[in-house]
Trainee: 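Dropping a structure here in structure tokens format, bear with me for questions.
Sequence positions, counted from 1, serve as the residue numbers for this chain.
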Amino acid sequence: MGTSSGYEAPTTPDWGDLKGQVTRAARSGSASPGSARDTLRGFIATNGGARNISRGGGAMGAGRSAQNTARRVGGFFSSVGSVGLQQTLESYGLSEFVGKSAGEIIPALVDKLGGPASTINDSDARNALSKLMNELLGNLETPEQVEEALEQVVAEEGLKDLLSKFFGYYLYEQFCRVFYERLVNRVGRQNADSYLKSILDTIKASLALKVSGRDLNRIEWGGTEGRNISDNILQETFEIFGG
């Protein structure tokens with residue numbers, strides 16, 4: 001649970017108030033959906049707001065790690081929807097993973113699409129992508145199931161919903177980065193893990209209520225259009241919680 005240890009959020013009064021609020025709430029070991037949404041709203045606002053974060057700003061220096069990863073994910077899944085998994089893997093230099101199991105293909109996709117982990121925000125994005133891929137593929141057993149699942153994501157779920165899920169996991173990773181070690185020290189590991197699970201459950205439930213927008217399967221993800229769309233989806237995803 002959580003990401004990088006030893007991280008200290010900015011020491012402004014707003015961050016201090018938020019840390020105290022989260023610590024008090026975590027003592028019970030869980031958060032109601034309403035309380036979790038309020039906390040997430042405060043977290044996003046304190047970090048600079050959804051619009052600012054989506055443009056690469058924010059008090060935590062989010063940069064563009066998540067958006068760049070989202071563009072790579074969008075390009076990969078668009079290709080899967082157009083030409084299938086095998087040809088896509090080959091075009092991405094991953095031909096050795098054609099016909100491989102989920103356990104083998106997930107780390108390869110995280111490495112390829114997640115990019116380098118040069119910064120702490122890169123690591124957040126990679127961890128978010130790993131969680132997303134495990135959600136999509138983690139319970140599958142055969143290569144045929146893997147291919148079918150990836151193709152169904154594009155055909156049935158849509159890329160906007162997929163990228164919103166990714167940004168939801170990214171929000172969770174950033175939240176854990178700030179609070180996990182602090183909560184373990186103050187309320188114990190069990191309560192910390194349980195509380196953060198309720199935060200993740202609220203993120204997932206809130207995103208599940210979203211209404212999808214335009215079809216994104218024909219986007220040029222490597223260019224300006226892809227960059228703008230990934231920025232907009234991150235902003236829309238974070239705005240679900242306010243802030």
Trainee: Closest heavy-atom contact between G168 and T237?
Mentor: N-CG2, 4.1 Å
Trainee: Starting from the C-alpha separation in whole Å, work towards a yes-or-no answer on side-chain contact (heavy atoms from CB on, under 4.5 Å) for N232 and S54.
Mentor: CA-CA 7 Å; N232 290 339; S54 73; over 6 Å; no
Trainee: State, to 0.1 Å, how close S130 and V110 come at their nearest heavy-atom pair, and which atoms those are.
Mentor: CA-CG2, 3.7 Å
Trainee: Salt-bridge test for R51 and E239: reply yes if a basic N is under 4.0 Å from a carboxylate O, no otherwise.
Mentor: no
Trainee: Suppose we screen for side chain to side chain contact (heavy atoms under 4.5 Å, CB included). Which residues come up paired with S95, at least two apart in sequence or across chains?
Mentor: E90
Trainee: Considering residues at least two apart in sequence or located in another chain, which fulfil the side chain to side chain contact (heavy atoms under 4.5 Å, CB included) criterion with S35?
Mentor: A31, S32, T39
Trainee: Among side-chain atoms of N127 and Y169, is any donor-acceptor pair under 3.5 angstrom?
Mentor: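 Looking only at side-chain atoms, Y169 and N127 do not form any donor-acceptor pair under 3.5 Å.
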Trainee: Can you sort out the partners of D201 under side chain to side chain contact (heavy atoms under 4.5 Å, CB included), two or more places apart, ordered by chain and number?
Mentor: K197
Trainee: State which residues pass ring pair (Phe, Tyr, Trp, His ring centres under 6.0 Å) with F175; sequence neighbours excluded, sorted by chain then number.
Mentor: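 So F175 forms a ring pair (Phe, Tyr, Trp, His ring centres under 6.0 Å) with F43, F179.
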Trainee: Decide yes or no on side-chain contact (heavy atoms from CB on, under 4.5 Å) for D161 and K165, but give the supporting numbers first.
Mentor: CA-CA 6 Å; D161 284 351; K165 283 185 178 180; 5.8 Å; no
Trainee: For the residue pair S230 and R71, what are the closest heavy atoms and their distance?
Mentor: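 S230 and R71 have their closest heavy atoms at OG-CG, 3.6 Å.
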Trainee: Using the rule side chain to side chain donor-acceptor pair (under 3.5 Å), only one of R177, R126, R64 pairs with N121; which is it?
Mentor: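 Of all the options given, the one that passes is R177.
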Trainee: Do you know which two heavy atoms are closest between Y92 and R72, and how far apart they sit?
Mentor: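 Closest approach of Y92 to R72: OH-O, 4.2 Å.
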Trainee: Return the minimal non-hydrogen interatomic distance between Y170 and A128, and the atom names on each side.
Mentor: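 Closest pair (atom of Y170, atom of A128, distance): N-CB, 3.5 Å.
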Trainee: Just by distance, no angles: are the side chains of S30 and S198 close enough, under 3.5 Å, to form a donor-acceptor pair?
Mentor: no
Trainee: Distance only, no hydrogens: is a donor on one side chain within 3.5 Å (strictly under) of an acceptor on the other, for D122 and S65?
Mentor: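 A pair is found: one side chain offers a donor N or O, the other an acceptor, under 3.5 Å apart.
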Trainee: Which pair of non-hydrogen atoms, one from S91 and one from S79, has the smallest distance, and what is that distance?
Mentor: OG-OG, 4.5 Å
Trainee: Does the side chain of S206 reach to within under 4.5 Å of the side chain of R37, using non-hydrogen atoms?
Mentor: yes
Trainee: Once side chain to side chain contact (heavy atoms under 4.5 Å, CB included) is applied, do any residues pair with V187, and if so which ones, sequence neighbours excluded?
Mentor: T23, A26, R27, L183, N191, A192
Trainee: For the side chain of Q145 and the backbone of T142, is there at least one donor-acceptor N/O pair under 3.5 Å apart?
Mentor: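 Indeed, once roles are kept as given, a pair shorter than 3.5 Å links the two residues.
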Trainee: Do the side chains of M133 and I105 get nearer than 4.5 Å, heavy atoms only?
Mentor: no
Trainee: Does Q87 have more than 12 heavy atoms from other residues, nucleotides or ligands lying within 6.0 Å of its CD?
Mentor: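 No, the 6.0 Å shell around CD holds no more than 12 heavy atoms from other groups.
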Trainee: Using the ring centroid of each side chain, check whether F167 and F238 are separated by less than 6.0 Å.
Mentor: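 No: the rings miss the under 6.0 Å criterion.
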Trainee: Any donor and acceptor pair, going by atom type alone, linking the side chain of E147 with main-chain N or O of E144 inside 3.5 Å?
Mentor: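 Between the backbone of E144 and the side chain of E147 there is no qualifying donor-acceptor contact (under 3.5 Å).
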Trainee: Does K131 come within less than 4.0 Å of E173, counting only side-chain N to carboxylate O?
Mentor: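 Salt bridge between K131 and E173, a charged N being under 4.0 Å from a carboxylate O: yes.
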Trainee: With rounding to the nearest 0.5 Å, note down the distance linking CG in L18 to OG1 in T46.
Mentor: 5.0 Å
Trainee: Could I get the full list of ring pair (Phe, Tyr, Trp, His ring centres under 6.0 Å) partners for F97, not counting sequence neighbours?
Mentor: none
